[in-house]
Amino acid sequence: MESERGKRKMCGVGVAVVTGASRGIGRAIATMLAEHGYTVVSSCTRLGKVPEHGEAESFVRCDVACEEDRDALFASVRKRFGRLDLLVNNAGVAPLARTDILETGLESFERVLRINLYGTFFMCQAAAKEMLSYKQELGGGYTPRIVNISSISAYTASVNRPEYCISKAGVSMVTKLFAARLAQEGIPVFEVSPGIILTDMTAPVRDIYEEKIERGLTAIERFGRPEDVARMVLAAAGGLLDFSAGQVLHADGGFHLRRL
């Protein structure tokens, strides 16, 4: 008799976990993955009224900075599906207020790093252990992947939100570290680096960014959309980039280009 695990293997592309999936970039990623055949487990800290894609998506409450929540998330995935094909570390927060670096407080600094950096690191660690276990169970056809969402703030100094920049710079190194460690295990790890994306996080300073974009800040003169980032994740998840371990995909309208 065919096992439940075997049946799941035949359903869709695979099982994907997307953190911070209740809105913005995370919501777009979860939606696009579901539309392309993934069974999506969307995690967020607050379970609200978010449209689900029928049987293709379910929600789990998870604070990525909390070890118990992380363990419960992966245990739930194992119990329900018996496999994990993709982890997208998208969960992140901005500082509660934009404050000059000379006034940055410890509370805000610790909060942003705890969620954005510590959460991403330990989600990668937990997922990697699960994926290595699944590799032994599922055999040669199983090729899981990890995608971390960083930011242009990883290499761009914003002196009124230093804790965010530092957290995203850390996420870039987390990607490099796990890419180096897991390459030999056949688990590709990628980084998607969004630029100025139209979300709740950028809404308070939309006018400022619009003016900068009009003055040529980005090569492609428009705001990015969450779907632009989601397409990068889909590309990384699809297997065509697997030889480029640790590859950074710039979803930034060409912001990273140095132009004269």
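FYI, side chains are in, hydrogens and waters are out, and symmetry mates aren't considered; it's all heavy atoms of this structure.
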### Query
Do the rings of Y134 and Y142 sit parallel, tilted or perpendicular, given the 30° and 60° boundaries?
perpendicular
### Query
Around atom CD of Q184, are there more than 12 heavy atoms of other residues, nucleotides or ligands at under 6.0 Å?
yes
### Message
Counting only heavy atoms not in Q125 (residues, nucleotides, ligands), do more than 12 fall under 6.0 Å from its CD?
### Response
yes
Using every non-hydrogen atom in the two residues, find where [X] and [Y] come nearest and quote the distance to one decimal.
X    : Y    : answer
T199 : P226 : CG2-CG, 4.1 Å
S167 : L113 : CB-CD1, 4.0 Å
L73  : S43  : CD2-CB, 4.4 Å

### Query
Pick from S193, S172, C165, S150: which one makes a side-chain contact (heavy atoms from CB on, under 4.5 Å) with Y155?
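Of all the options given, the one that passes is S193.
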Can a donor-acceptor pair be found, under 3.5 Å and without considering hydrogens, that links the side chain of [X] to the backbone of [Y]?
X    : Y    : value
S76  : A72  : no
R259 : G216 : yes
T218 : I220 : yes
D228 : R225 : yes
R145 : A237 : yes
N89  : T19  : no
S108 : G105 : no
N90  : I149 : no
Y118 : V64  : no
R161 : I101 : no

Taking a hydrophobic cluster as the set of Ile, Leu, Val, Met, Phe, Trp and Tyr residues connected by side-chain heavy atoms closer than 4.5 Å, whether directly or through intermediates, do [X] and [Y] fall within one such cluster?
X    : Y    : answer
I152 : V174 : no
V248 : L87  : no
L217 : L198 : yes
V233 : I196 : no
L249 : L234 : yes

### Task
Any chance you could lay out the side chain to side chain contact (heavy atoms under 4.5 Å, CB included) test for H250 and F255, step after step, and finish with the verdict?
CA-CA 8 Å; H250 297 279; F255 175 88; over 6 Å; no
Which distance, rounded to the nearest 0.5 Å, do you find between the [atom1] of [X] and the [atom2] of [Y]?
X    : Y    : atom1 : atom2 : result
R215 : I213 : CZ    : CD1   : 12.0 Å
L33  : S42  : CG    : OG    : 8.5 Å
D242 : I187 : CG    : CD1   : 11.5 Å
M232 : D252 : CE    : CG    : 7.5 Å
F74  : C62  : CZ    : SG    : 7.5 Å
F109 : T99  : CZ    : OG1   : 13.0 Å

### Message
Between N148 and T175, do the side chains contain a donor N or O and an acceptor N or O under 3.5 Å apart?
### Response
yes
